[in-house]
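What follows is a short report on a single structure.
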Amino acid sequence: MSYTGDVTKGGPADVRELPGLTISKIEVGDFGNNAYLLRCTETGEGLLIDAAAEPRRLLDLIGDRPIGTIVTTHRHGDHWMALKEVAAATGARVVAHPLDAPELPVTVARTVEHGDRITVGRIPLEVIHLRGHTPGSIALLYEGAGGHLFTGDSLFPGGVGNTQKDPKRFDRLYTDVVERLFDRLPDGTWVYPGHGRDTTLGAERPSLPEWRARGW
């Protein structure tokens, strides 16, 4: 069956096979968090985006093939509740933005800034800093195969992430999302958010003026 990105708590992962990269999406925890396992098909090396909850299920997803990195998209606790256990079990290094890293329950082995690169095997991922939901929220971009963007809680179907009705934070996040994502990347770029269903930049682009006007 083809990939849809539709997953449910306790259900199986949805797996997408791209040239050079496999993406496995799973929903974990009581907050409907998405976790993503990326694996380079050439080397077998893996990378986990957000060890959010249910460490046993995440470890079962990872299996007996190594992962070298766990990326935490931002500091909110629902995105790292399984981080300590999964990092200890796999030996993977933890990566986060320096503004959010001190809030995590483990030592961050590498901090990354806007424009940095993280690799999973032979696959490069670009770090995109999206300020507003938290100070150190990041997205990861794989530009191959039409573009694949992992946005944490900064971009969802229907709007940007929660900024607690703070107009300055909303303006910062909206501006970053427009300038660093929509103004740069093509409509076919697939968006993998931190909760819920996937989308594309093209599906969301017509709604940008509405988001700006409503302020959330």
Side-chain angles (χ1 to χ4, degrees), residues 1-74 76-97 101 104-112 116-127 138-145 148-152 190-198:
M1 296 180 65
S2 61
Y3 176 87
T4 65
D6 297 336
V7 292
T8 58
K9 183 180 179 182
D14 198 6
V15 180
R16 182 171 227 165
E17 300 283 353
L18 302 173
L21 182 69
T22 299
I23 300 169
S24 300
K25 176 182 180 179
I26 193 170
E27 180 182 317
V28 293
D30 295 331
F31 299 96
N33 287 77
N34 297 324
Y36 299 94
L37 175 65
L38 281 54
R39 202 171 283 284
C40 173
T41 58
E42 183 174 346
T43 67
E45 184 179 342
L47 176 149
L48 182 68
I49 300 174
D50 285 344
E54 298 186 70
R56 185 68 263 162
R57 288 189 67 217
L58 293 178
L59 291 171
D60 287 344
L61 176 68
I62 294 165
D64 58 4
R65 302 171 69 194
I67 65 168
T69 306
I70 303 171
V71 177
T72 301
T73 59
H74 62 288
H76 288 158
D78 60 309
H79 289 259
W80 52 253
M81 286 186 289
L83 179 58
K84 186 174 182 180
E85 292 89 341
V86 174
T90 61
R93 66 175 181 169
V94 176
V95 175
H97 191 277
L104 303 186
V106 300
T107 300
V108 173
R110 179 187 174 192
T111 57
V112 289
D116 285 348
R117 295 291 193 275
I118 301 169
T119 58
V120 50
R122 302 194 185 280
I123 300 298
L125 304 170
E126 179 186 344
V127 176
I138 57 173
L140 294 180
L141 171 66
Y142 172 49
E143 290 195 89
H148 298 267
L149 182 66
F150 302 87
T151 56
W190 196 275
V191 176
Y192 305 82
H195 303 261
R197 301 184 68 177
D198 299 356

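Computed over heavy atoms, backbone and side chain alike; hydrogens, waters and symmetry mates excluded.
For the residue pair T4/D14, the side-chain donor-acceptor check at 3.5 Å is satisfied. At a cut-off of 3.5 Å, with distance as the only test, no side-chain donor of R16 or Y36 sits close to an acceptor on the other residue. A donor-acceptor contact under 3.5 angstrom links the side chains of E17 and T22, judged on distance only.
The shortest side-chain heavy-atom distance between W190 and Y142 does not fall under the 4.5 Å cut-off. With a 4.5 Å cut-off on side-chain heavy atoms, I123 and L38 do not count as touching. T90 places none of its side-chain heavy atoms less than 4.5 Å from the side chain of P66. When side chains are defined from C-beta on, V106 does not count as touching W80, because their heavy atoms never get closer than 4.5 Å. Proximity of V95 to T72: side-chain heavy atoms (C-beta onward) are nowhere separated by under 4.5 Å. At least one side-chain heavy atom of N33 sits under 4.5 Å from a side-chain heavy atom of H79. Taking 4.5 Å as the limit, every side-chain heavy atom of V191 sits out of range of all side-chain heavy atoms of D198. F150 is not listed as a side-chain neighbour of K25, based on a closest heavy-atom distance of 4.5 Å or more.
The CG atom of L125 sits 6.0 Å away from atom CG of L47, with the distance rounded to the nearest 0.5 Å. Atom CZ of R197 sits about 4.0 Å away from atom CG of D6, to the nearest 0.5 Å. Rounded to the nearest 0.5 angstrom, L37 CG and I70 CD1 are separated by 10.5 Å. Note that CG of L21 and CZ of R122 are 14.0 Å apart. Values are rounded to the nearest 0.5 Å. Of the inter-residue distances, the one linking R117 atom CZ with L141 atom CG reads 8.0 Å to the nearest 0.5 angstrom. Rounded to the nearest 0.5 angstrom, N34 CG and T73 OG1 are separated by 10.5 Å.
Shortest non-hydrogen contact noted between A109 and R93 is CB-CB, 3.7 Å. For the residue pair A13 and S24, the shortest heavy atom distance occurs at CB-CB, 4.4 Å. Annotation for A96 and L104: closest pair CB-CD1, 3.8 Å, computed over non-hydrogen atoms.
Proximity of a side-chain donor or acceptor of H195 to a complementary backbone N or O of G32 within less than 3.5 Å is detected. Under a 3.5 Å cut-off, the side chain of R57 and the backbone N or O of E27 do form a donor-acceptor pair. Judged by distance alone, with hydrogens and angles left aside, the side-chain atoms of D50 form no donor-acceptor pair with the main-chain N or O of A35 at under 3.5 Å.
The aromatic rings of H74 and H76 sit perpendicular to each other, their planes meeting at more than 60°, with 30° as the lower class boundary.
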Stepwise side-chain contact (heavy atoms from CB on, under 4.5 Å) check, V86 with L48
CA-CA 10 Å; V86 174; L48 182 68; 4.1 Å; yes
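Residues satisfying the salt bridge (charged side-chain N to carboxylate O under 4.0 Å, His left out) criterion with D30, sequence neighbours excluded, are K9.
Partner of D116 under the side chain to side chain contact (heavy atoms under 4.5 Å, CB included) criterion, out of R110, E126, H97: R110 alone.
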